[in-house]
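Working notes for the structure below.
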Amino acid sequence: MASLPTLDDLGDVKGKRALVRVDLNVPMHEGKIGDDTRLSATLPTVAELADKGAIVLLLSHFGRPKGVYRPDMSLSLVTRPYGHLFGRTVQFVPDCQGKSVADALAVLRPGDVAILENTRFHAGEEANDPALAKAMAANGDFYVNDAFSAAHRAHASTEGLAHLLPAFAGRAMEKELNALEAALGNPERPVAAVVGGAKVSTKLEMLRHLVAKVDHLIIGGGMANTFLAARGVEVGTSLAEHDLIGTVEEIFEAAERANCTIHLPYDVVVAKEFAPNPPSVRTCNVHEVAADEMILDIGPAALEALADVLKTCRTLVWNGPLGAFETPPFEAATIALARTAAALTQEGSLVSVAGGGDTVAALNQAGVAADFTFLSNAGGAFLEWMEGKTLPGVAALTQGR
Ligand code: 3PG
Ligand code: MG
């Protein structure tokens, strides 16, 4: 990767004002945070800067307020839980720019940490308005971006600011980029990718990119049905995008040219209705799906074949479940293959990287999240990275001013 300035490249920061872009966009229901992983992820950078005597000003979006103030999207709601998690006092400043911040800076001391109000309360944030970036930059001596999960957005606080101040990647950003580089940038081969999810249409770019990058492409979820249909399999009432069969054929051809093996199941778990533990559930060969049945998971023979593939691989990148994961018993194959990947990782034979909301939930359910090499906190940014796109927030750091 083009050289990425990190916190190691900072000189003496004592008394300097650090504008640190983090992602405090946590799920919140009735004032309670559902999952605070993203908050914890910021702590190494924030602690390091505070301990070196910087005055740490945290910038983040929270929800999608579209340029107007929304009390339910105020980062004041996150400030107390953040301080609690951090184990230190954290101030709240009711704007991300202007006089409120200047006033706060008059009393903040080296080592203090403050959360600034939701950047998206200003329309200029999403518009990447240079005026907003400039107003934010006025309150900082340097900029740190530690929000990989927002790096696919070219917004004032994720992109614009990086051009106005000396800019550095935070520790979480650095870790994430290193893990992703090891998984797809410059991986040890063979490389396998698991791509699941309901629709081929939402992951077309990812599939096109991956066939050129990986040795084994394992297709799961509803997407696999479209691939099976393209191979002439009768998929019954399965979710499938029959209008995309031509596109899928092009993906097969691209894979063949690139020497990438596409893996589709030879046996599947089917049912007549999509419901928890339906009485009609059965396992059959893909060529035996009845007209009134739908495919909801891959079968045990397919699972065993995929486990054998992973045993020959050195690197795995995973996005999306293999089956209709939220509904029992159709989570079985995803959980079993996740456990195989986790065990191979623990044995030291596999580097495993996974990302995307559903995927992380699935790995947590399988109880193997901690056994993967790296789990991304990012949703959209992880997908765009898997599509081979340049993330503006990352590019701005490597390009500098
Ligand atoms: C996320 O939740 O994926 C990030 O915080 C980015 O949020 P956004 O999709 O609203 O830009
Ligand atoms: Mg989102």
Side-chain angles (χ1 to χ4, degrees), residues 19-29 32-43 45-46 58-70 72-79 81-82 85 96 115-129 132-133 136 144-162 169-170 172-173 175-177 179-180 197 202-203 205-206 318-320 353-364 369 374-387 389-397:
L19 284 170
V20 185
R21 182 47 159 104
V22 286
D23 189 353
L24 306 180
N25 187 30
V26 285
M28 186 171 268
H29 304 285
K32 283 229 170 332
I33 293 176
D35 176 0
D36 62 9
T37 315
R38 282 185 173 170
L39 305 188
S40 322
T42 67
L43 297 181
T45 292
V46 175
L58 301 182
L59 290 165
S60 178
H61 72 288
F62 185 33
R64 293 177 175 170
K66 296 275 169 239
V68 295
Y69 177 77
R70 286 266 307 256
D72 58 326
M73 295 182 187
S74 169
L75 280 170
S76 60
L77 301 170
V78 176
T79 303
Y82 189 87
L85 199 65
C96 65
I115 292 179
L116 310 189
E117 183 59 290
N118 195 343
T119 51
R120 288 188 187 169
F121 287 170
H122 292 273
E125 165 70 339
E126 294 193 57
N128 199 1
D129 181 352
L132 178 63
M136 289 190 286
V144 173
N145 190 344
D146 212 23
F148 175 80
S149 50
H152 57 318
R153 308 292 184 207
H155 294 172
S157 70
T158 60
E159 205 275 343
L161 260 179
M173 172 75 90
K175 208 168 136 193
E176 180 106 24
L177 292 174
L180 299 189
T202 59
K203 295 205 176 164
E205 287 191 60
M206 186 187 296
W318 188 323
N319 174 259
V353 173
D358 286 0
T359 312
V360 173
L363 298 181
N364 276 320
F374 186 79
L375 240 55
S376 176
N377 291 324
F382 187 83
L383 297 186
E384 291 199 18
W385 166 76
M386 275 187 85
E387 291 169 354
K389 289 197 181 137
T390 301
L391 305 182
V394 176
L397 290 178

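Residue indices begin at 1 and follow the sequence shown. Ligands are counted one by one from 1 in listed order, and the atoms in each one are counted from 1 as well.
Thr359 contributes a side-chain N or O that, together with a main-chain N or O of Gly320, makes up a donor-acceptor pair within less than 3.5 Å. Of the possible polar contacts, one joining the Asn118 side chain to the Phe62 backbone as a donor-acceptor pair under 3.5 Å is found.
Interface of Asn25 with ligand 1, defined as ligand atoms under 4.0 Å from a residue heavy atom, comprises 1 (C), 2 (O), 4 (C), 5 (O), 7 (O). Listed by number with element, the atoms of ligand 1 under 4.0 angstrom from any heavy atom of Arg64 are 8 (P), 9 (O), 10 (O). The atoms of ligand 1 that sit less than 4.0 Å from any heavy atom of Asp23 are 4 (C), 5 (O). The distance from ligand 1 to the heavy atoms of Arg153 drops below 4.0 Å at these ligand atoms: 8 (P), 9 (O), 11 (O). Every atom of ligand 1 is numbered from 1 in the order shown, and the set under 4.0 Å from a heavy atom of Ser149 is 4 (C), 6 (C).
A salt bridge links Glu125 and Arg21; the closest N-O separation between the charged side-chain nitrogens and carboxylate oxygens is under 4.0 Å.
Inter-residue side-chain proximity for Val353 and Leu180 is flagged as met; some heavy-atom pair is nearer than 4.5 Å. In this structure, Leu75 and His61 have side chains that are not in contact, with every pair of non-hydrogen atoms separated by 4.5 Å or more.
Of the candidates His152, Glu126, His61, Arg38, it is His61 that places a heavy atom closest to atom 7 (O) of ligand 1.
Residue Ala150 places no heavy atom under 4.0 Å from ligand 1. Ligand 1 is approached by Arg120 to a heavy-atom distance shorter than 4.0 Å.
Using modelled atom types, one finds a donor on one side chain and an acceptor on the other under 3.5 Å when comparing Ser74 with Glu117.
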